[in-house]
Amino acid sequence: MAIKIFADGANLEGMLEMNEKGVDGFTTNPSLMKKGGVTNYRDFAFKVLKAIPDKSISFEVFADDEAQMEVEANEIKTWGENVFVKIPCIKTDGTPTYDLIKRLSDAGVHVNVTAVYTEDQVKAVTEALNPDVPGYISIFAGRSADAGNDPVPVFKYAVDLTKDRPKTEILWASTREVYNIIQADQMGVDIITVPNNVLEKWFKRGKTPMELSVDTVKGFAADIATLDFHILPEE
């Protein structure tokens with residue numbers, strides 16, 4: 001497969017495990033850090049970077065104020081050559097951050113633009129990213145689908161728009177299932193970031209539909225054996 005697979009999480013033990021299994025990079029975010037029990041952002045980041053110095057790792061700014069976001073981004077940039085700085089494409093008040101993205105990218109910061117959902121956002125972010133500087137456009141497929149929207153047209157648009165910009169890579173974010181990896185690869189998406197619980201299924205993939213069918217009814221049978229259920233009247 002041409003697509004690069006990143007692990008999405010903020011638990012050092014889990015990241016090291018996935019590094020051993022050969023993933024191509026990593027993404028984190030504040031919500032994952034909260035879930036992973038991280039109490040000191042900087043200490044956590046430096047532990048990760050010491051353990052994994054040679055693969056792309058994305059760390060996100062915390063501020064919602066553009067000036068402070070820029071300060072944080074320039075600090076995070078110094079943490080390592082393999083670091084990408086995650087900048088949301090929009091602030092909590094709905095204001096886009098395209099000007100900030102452009103300033104950072106033009107200054108050589110490797111920006112991972114996150115929370116992208118629409119074709120208009122993809123277009124604006126692509127225009128903001130310097131084509132000569134590595135950058136990611138993270139489109140949130142799973143969250144979009146959870147809301148009843150089809151993310152596929154947005155990815156097709158993004159892949160086509162950036163086909164002549166090899167350093168601007170499209171990233172499939174908020175992955176929900178193993179098949180998303182195959183789906184993203186078939187569309188020409190550059191990167192997919194996957195939570196560890198889905199990656200575990202990916203590494204164990206390979207059963208045929210018939211094998212899955214048999215496994216399913218065996219599971220039903222095992223549960224039935226533990227239940228005192230009856231359909232026909234007892235004689």
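Reckoned from all heavy atoms, side chains included, excluding hydrogens, waters and symmetry mates. Along the sequence shown, the residues carry numbers beginning at 1. Note that the structure is predicted; figures quoted are calculated from it, not measured.
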May I ask you to decide whether [X] forms a salt bridge with [Y], counting only side-chain N to carboxylate O separations under 4.0 Å?
{"X": "K4", "Y": "D190", "value": "no"}
{"X": "E200", "Y": "K21", "value": "yes"}
{"X": "D65", "Y": "K91", "value": "no"}
{"X": "E72", "Y": "K77", "value": "no"}
{"X": "K102", "Y": "E127", "value": "no"}

Please confirm whether the ring centroid of F140 lies under 6.0 Å from the ring centroid of Y117.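 Yes, the ring centres sit under 6.0 Å apart.
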Do [X] and [Y] share a hydrophobic cluster (ILVMFWY, side-chain heavy atoms under 4.5 Å, transitive)?
{"X": "F84", "Y": "F46", "answer": "no"}
{"X": "W79", "Y": "V133", "answer": "no"}
{"X": "M15", "Y": "F203", "answer": "yes"}
{"X": "I87", "Y": "V83", "answer": "yes"}
{"X": "I191", "Y": "W172", "answer": "no"}

If I take atom [atom1] from residue [X] and atom [atom2] from residue [Y], how far apart are they, to the nearest 0.5 angstrom?
{"X": "I192", "Y": "I3", "atom1": "CD1", "atom2": "CD1", "result": "5.0 Å"}
{"X": "M33", "Y": "N40", "atom1": "CE", "atom2": "CG", "result": "10.5 Å"}
{"X": "E119", "Y": "L161", "atom1": "CD", "atom2": "CG", "result": "9.5 Å"}
{"X": "D132", "Y": "L129", "atom1": "CG", "atom2": "CG", "result": "11.5 Å"}
{"X": "I182", "Y": "M187", "atom1": "CD1", "atom2": "CE", "result": "12.0 Å"}
{"X": "K207", "Y": "D215", "atom1": "NZ", "atom2": "CG", "result": "3.5 Å"}

With distance as the sole criterion, is a donor-acceptor pair present between the side chains of [X] and [Y] under 3.5 Å?
{"X": "D64", "Y": "T92", "result": "yes"}
{"X": "N19", "Y": "K55", "result": "yes"}
{"X": "S58", "Y": "T27", "result": "no"}
{"X": "T118", "Y": "D120", "result": "no"}

Nearest heavy atoms of [X] and [Y], plus distance in Å:
{"X": "S105", "Y": "V111", "value": "N-CG2, 4.2 Å"}
{"X": "P30", "Y": "E60", "value": "CD-OE1, 3.4 Å"}
{"X": "P131", "Y": "T168", "value": "CA-OG1, 4.5 Å"}
{"X": "Q121", "Y": "C89", "value": "NE2-SG, 3.6 Å"}
{"X": "V23", "Y": "A7", "value": "CG2-CB, 4.3 Å"}
{"X": "A128", "Y": "I101", "value": "CB-CG2, 3.9 Å"}

Criterion side chain to side chain contact (heavy atoms under 4.5 Å, CB included) against I139, the qualifying member of V125, V189, V122, V113: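 Answer to the side chain to side chain contact (heavy atoms under 4.5 Å, CB included) test with I139 among V125, V189, V122, V113: V122.
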Student check: side-chain heavy atoms of [X] and [Y] closer than 4.5 Å:
{"X": "D8", "Y": "L32", "answer": "yes"}
{"X": "Y157", "Y": "D160", "answer": "no"}
{"X": "Y136", "Y": "F6", "answer": "yes"}
{"X": "K86", "Y": "N29", "answer": "yes"}
{"X": "L16", "Y": "I52", "answer": "yes"}
{"X": "M18", "Y": "F26", "answer": "yes"}
{"X": "I76", "Y": "Y41", "answer": "yes"}
{"X": "I90", "Y": "T95", "answer": "no"}

Would you say [X]'s side chain and [Y]'s backbone share a donor-acceptor pair under 3.5 angstrom?
{"X": "N11", "Y": "G36", "answer": "no"}
{"X": "R103", "Y": "E70", "answer": "no"}
{"X": "T28", "Y": "A10", "answer": "no"}
{"X": "T162", "Y": "R165", "answer": "no"}
{"X": "T175", "Y": "V194", "answer": "no"}
{"X": "S213", "Y": "P209", "answer": "no"}
{"X": "S144", "Y": "A141", "answer": "no"}
{"X": "T114", "Y": "P88", "answer": "no"}

Go through the steps for E177 and N180 under the test side-chain contact (heavy atoms from CB on, under 4.5 Å), then give the verdict. CA-CA 6 Å; E177 56 191 18; N180 291 155; 3.6 Å; yes
Kindly determine whether N74 and L104 satisfy side-chain contact (heavy atoms from CB on, under 4.5 Å), including the steps that lead there. CA-CA 8 Å; N74 283 309; L104 292 171; 4.1 Å; yes
Going through the checks in order, is the side-chain contact (heavy atoms from CB on, under 4.5 Å) test met by S138 and N112? CA-CA 7 Å; S138 291; N112 178 345; 2.7 Å; yes
Above 12 or not: heavy atoms from other molecules or residues under 6.0 Å from CD of E13?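 No, the 6.0 Å shell around CD holds no more than 12 heavy atoms from other groups.
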Take a 6.0 Å sphere around CE of M1 and say whether it holds more than 12 heavy atoms from other residues, nucleotides or ligands.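 For M1, atom CE is crowded (more than 12 foreign heavy atoms under 6.0 Å).
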side-chain contact (heavy atoms from CB on, under 4.5 Å) assessment of M69 paired with F62: CA-CA 7 Å; M69 291 170 79; F62 281 4; over 6 Å; no
Going by the angle between their ring planes, with limits at 30° and 60°, are F59 and F44 parallel, tilted or perpendicular?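 Aromatic pair F59/F44 classed perpendicular.
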